[in-house]
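All values reported here derive from a predicted model rather than from experimental measurement.
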There are 2 protein chains.
Amino acid sequence: MKFIDNGKVMTEYFHLDDLDRKILTILQKDASLGANTLAERVNASASSCWRRIRALEQAGVLGPHVRLVDPVALGRTLDVFCHVRMKSQGPRARASFQRAMEAEPTILAAYSVSGEWDYLLHLIVEDMQDYERILMGHVLDHESVAATSSNFVLRRVKHTTALPV
Amino acid sequence: MKFIDNGKVMTEYFHLDDLDRKILTILQKDASLGANTLAERVNASASSCWRRIRALEQAGVLGPHVRLVDPVALGRTLDVFCHVRMKSQGPRARASFQRAMEAEPTILAAYSVSGEWDYLLHLIVEDMQDYERILMGHVLDHESVAATSSNFVLRRVKHTTALPV
DNA sequence: CCATTATCGATGAATTTCATTCAAATTTAT
DNA sequence: ATAAATTTGAATGAAATTCATCGATAATGG
């Protein structure tokens, strides 16, 4: 939703009321609840909940339905953040690097960041040997990468997919 | 699943076969599919899929059902990584700091990390003013925090909750 | 090799969920 | 304050989900 005011593009975000917030708070933690259970938790009728959910989906606020997998149960016990500095920052180098990030499934997230490094990567790998393989084979090997610096997660203090609403 | 071998605790992870992997791959991206749709996508019967899902849940591999919310649709457009160094690393200081992280909902993740900083925080906030408020009020204000360094996300190159299986 | 065990796909019944309708209540605008 | 517009919640039927059961099939091991 956008409108122009004084030559500046203003963006008007979806207006959430109390019920929307309650619904989003719950669904971000547990989306297995049906409209009925949800309804009694938020003190509203099932049909109201259902309508709100649909409106939030159509507005693009409420996104995909996913299931989270426990990495530890699969033996992926090493959580790493890897800072990357590029040799060059031209559009071709960036695009090629970003494609390489996209292609490696152990790289869960990749951000272009401000500061002394160009990218920050988040990986969850099996062990150090696995990490070495990926770092050497998919990151350091890339033609535009100048240097990296890895920080290993000692403990996950907090980890949530739920945004404040 | 654990057993002892030569005095060392060995952990045996849940064995995933091809069907399990296909199911996990799909459900990590789209958990709204019913057992029937899922079944035809993985070339198995609905009852097989259903049984596999239940086994994966009981083994703790397949975790919660969540819905993702789009931060941009809510006006939360600033993504920040914040490195934190502590004055002291005693158990009381750590516990108190970790409780403070837990309590602030814009802090989506907090990791204790190796390297020159003690913690790495990931926040999604509305704007710089919002970030300043949280950084000053909830991080720098904490008695055990010595220093912080913030890196702002210029672009989310990749961002997924799906682990490789 | 054959016996044992585990897994498969199909079926079906009890239960839930989904998506709509409609009258009542609430909000908004004039 | 009143009329118009929107939102609400109970009810409803169709569709989907959950879960047990039953032969058939495939894998395992001695």
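- Salt bridge A/Arg67/B/Glu57: present, at least one basic N to carboxylate O contact under 4.0 Å.
- A/Leu56 has its CG atom 13 Å from the P atom of D/dT7, to the nearest Å.
- Note: B/Phe97 and B/Tyr119 have tilted aromatic rings, judged against thresholds of 30 and 60 degrees for the angle between ring planes.
- Per the geometry, CG belonging to A/Leu38 stands 15 Å off C1' belonging to D/dG9, to the nearest Å.
- The phosphate of C/dC8 (OP1 or OP2) has no side-chain N or O of B/Ser45 nearer than 4.0 angstrom.
- Note: CD1 (B/Ile23) to P (C/dT7) measures 14 Å, nearest angstrom.
- Look at CD on A/Glu40: it is 18 Å from P on D/dT8, rounded to the nearest Å.
- Mapping A/Ser47 and B/Arg51 onto DNA chain C by nearest heavy atom places B/Arg51 at the nucleotide closer to the 5' end.
- Residue B/Lys29 places its NZ atom among 12 or fewer non-hydrogen atoms of other residues, nucleotides or ligands, all under 6.0 Å distant.
- Put simply, A/Trp50 has a side-chain N or O that comes within less than 4.0 Å of OP1 or OP2 on C/dA19.
- A salt bridge is defined here as a Lys NZ or Arg NE, NH1 or NH2 lying under 4.0 Å from an Asp or Glu carboxylate O, and B/Arg99 with B/Glu104 fails to meet this definition.
- The CZ atom of A/Arg54 sits 13 Å away from the P atom of C/dC18 (whole-angstrom rounding).
- The phosphate of D/dT17 (OP1 or OP2) has a side-chain N or O of B/Asn36 nearer than 4.0 angstrom.
- The nearest whole Å value for the distance from the CG atom in A/Asp17 to the C1' atom in C/dT28 is 15 Å.
- Distance CG (B/Leu16) to P (C/dT7): 14 Å, rounded to an integer number of Å.
- Contact annotation: A/Arg52 side-chain N/O to D/dT8 OP1/OP2 distance is under 4.0 Å.
- Between the CD1 atom of A/Ile53 and the C1' atom of D/dG9 there is a distance of 15 Å, given to the nearest Å.
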